[in-house]
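Structure first, commentary second.
Predicted model, so just to flag it, every value in this text is computed and none were measured.
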There are 2 protein chains.
Amino acid sequence: MKWDRENTIAQFLRDRRKKAYLTQVELSDLTGVGLRFVRELEQGKPNLMTDKVNQVLLFFGHTLTPTPISDETRRNLGK
Amino acid sequence: MKWDRENTIAQFLRDRRKKAYLTQVELSDLTGVGLRFVRELEQGKPNLMTDKVNQVLLFFGHTLTPTPISDETRRNLGK
DNA sequence: TGTAATTATACCTTAAAGGGTGTAAATTGT
DNA sequence: ACAATTTACACCCTTTAAGGTATAATTACA
């Protein structure tokens with residue numbers, strides 16, 4: 001599967017980390033996930049484990065939940 | 001890690017499947033994920049792969065996205 | 001109440017996610 | 001322009017998610 005830096009989670013986390021003036025290393029330390037994982041997250045690796053993602057999201061007060069797909073997303077379904 | 005049938009994703013999917021009058025087997029077929037996975041999903045297995053979850057959520061027009069944690073969630077942080 | 005359908009557990013195998021580390025590339029600041 | 005910091009990529013290793021299948025428990029209903 002192809003990586004997609006523009007996917008919702010990747011974008012969200014790159015943005016939040018920047019705004020918090022944190023490096024990937026710092027975020028890795030603060031959240032307890034591996035540095036490698038932080039990088040894969042931000043580069044849009046497609047297949048991630050939910051609890052690892054949540055471990056990072058939680059640091060920013062967020063969590064993964066099912067939300068209705070946007071028209072935008074629906075349009076891109078056929079990739 | 002402990003399983004939690006009441007977690008957001010598990011609850012959401014049990015509810016949606018019921019409302020669609022589908023069995024786990026049917027949902028498994030329709031979404032292309034394994035039957036075992038549907039069951040683990042609905043029973044709140046903690047560690048899931050995001051693309052598998054999305055594969056099922058998409059069937060119900062949803063997808064995993066980072067959302068602010070609720071007060072409820074925040075209260076339960078210390079488990 | 002008995003029986004078929006649905007759901008829950010258990011066991012085993014396989015593919016791949018996550019982690020550590022080392023190195024190269026890119027970014028930043030002076 | 002250069003040095004230091006930060007980010008990206010490659011390698012190998014360990015762990016485990018997901019799938020298939022078989023069996024037990026539960027639920028639905030005739």
Side-chain angles (χ1 to χ4, degrees), chain A residues 1-67 69 77 79, chain B residues 1-67 69 77 79:
Chain A
M1 201 188 245
K2 224 183 62 66
W3 290 38
D4 172 23
R5 269 178 57 90
E6 308 313 316
N7 85 59
T8 312
I9 299 173
Q11 265 184 321
F12 177 86
L13 285 174
R14 283 202 311 276
D15 182 60
R16 285 303 186 110
R17 180 174 63 78
K18 283 298 177 189
K19 283 181 176 158
Y21 297 100
L22 294 171
T23 67
Q24 292 177 339
V25 175
E26 289 167 329
L27 186 58
S28 161
D29 286 345
L30 287 166
T31 58
V33 305
L35 173 55
R36 269 263 316 274
F37 183 76
V38 171
R39 289 171 179 165
E40 292 174 339
L41 252 185
E42 296 197 354
Q43 269 145 79
K45 179 175 178 177
N47 229 7
L48 305 163
M49 317 239 352
T50 53
D51 74 338
K52 288 287 158 194
V53 179
N54 281 325
Q55 206 172 325
V56 179
L57 284 180
L58 201 55
F59 180 81
F60 295 112
H62 285 61
T63 191
L64 285 181
T65 58
T67 59
I69 61 179
L77 274 190
K79 202 169 287 79
Chain B
M1 201 188 240
K2 223 182 62 64
W3 290 39
D4 172 22
R5 270 178 57 90
E6 308 312 316
N7 86 58
T8 312
I9 299 173
Q11 264 183 322
F12 176 86
L13 284 174
R14 282 203 311 276
D15 182 58
R16 284 303 184 110
R17 181 174 63 78
K18 284 299 178 188
K19 283 181 177 158
Y21 297 100
L22 294 170
T23 66
Q24 293 177 338
V25 175
E26 288 167 330
L27 186 58
S28 162
D29 286 345
L30 287 166
T31 58
V33 305
L35 174 55
R36 270 265 314 274
F37 183 76
V38 171
R39 288 168 181 167
E40 291 172 340
L41 255 184
E42 296 196 353
Q43 266 143 81
K45 179 175 176 175
N47 230 7
L48 304 163
M49 316 269 325
T50 52
D51 73 339
K52 286 289 157 192
V53 179
N54 281 326
Q55 205 171 325
V56 179
L57 283 179
L58 201 56
F59 181 81
F60 295 112
H62 285 62
T63 191
L64 285 180
T65 58
T67 59
I69 62 179
L77 274 189
K79 201 171 288 84

Side chain of [X], backbone of [Y]: donor and acceptor closer than 3.5 Å?
| X | Y | value |
| --- | --- | --- |
| Gln24(A) | Leu35(A) | no |
| Asn54(B) | Leu64(B) | yes |
| Thr50(A) | Leu48(B) | yes |

Rounded to whole Å, how long is the line connecting atom [atom1] of [X] with atom [atom2] of [N]?
| X | N | atom1 | atom2 | answer |
| --- | --- | --- | --- | --- |
| Glu42(B) | dT27(D) | CD | P | 15 Å |
| Arg14(B) | dT26(D) | CZ | C1' | 15 Å |
| Glu40(A) | dC11(D) | CD | C1' | 13 Å |
| Arg17(A) | dA8(D) | CZ | C1' | 12 Å |
| Trp3(B) | dA10(C) | CH2 | C1' | 12 Å |
| Arg36(A) | dC13(D) | CZ | P | 14 Å |
| Lys52(B) | dA17(C) | NZ | P | 11 Å |
| Leu41(A) | dG18(C) | CG | P | 8 Å |

Under 4.0 Å between a side-chain N or O of [X] and OP1 or OP2 of [N]?
| X | N | result |
| --- | --- | --- |
| Gln43(B) | dT9(C) | yes |
| Arg5(B) | dA8(C) | yes |
| Lys45(A) | dA16(C) | no |
| Gln24(A) | dT5(D) | no |

Compare the minimum distances between each of [options] and the side chain of [X], then state the nucleotide with the smallest one.
| X | options | answer |
| --- | --- | --- |
| Arg39(B) | dT9(C), dG19(C), dA18(D) | dT9(C) |
| Thr23(B) | dT7(C), dA8(D), dG18(C) | dT7(C) |
| Asn47(B) | dA17(D), dT9(C), dT7(C) | dA17(D) |

Exercise for the section: For Leu48(A), report the nucleic acid contact type (base, sugar-phosphate, nothing); a contact means any heavy atom under 4.0 Å. Expected result: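 Sugar-phosphate, no base atom in range.
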Exercise for the section: Measure the shortest side-chain to side-chain distance between Val38(B) and Ser28(B) over non-hydrogen atoms and say whether it is less than 4.5 angstrom. Expected result: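 Val38(B) vs Ser28(B): side chains touch.
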Handout entry: Comparing Met49(B) and Lys18(B) on DNA chain C - which has the more 5′ nearest nucleotide
Key =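 It is Lys18(B), whose closest nucleotide lies nearer the 5' terminus.
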Exercise for the section: Describe, in one word, how the ring planes of Phe12(A) and Phe60(A) are oriented to each other, choosing from parallel (under 30°), tilted (30 to 60°) and perpendicular (over 60°). Expected result: perpendicular
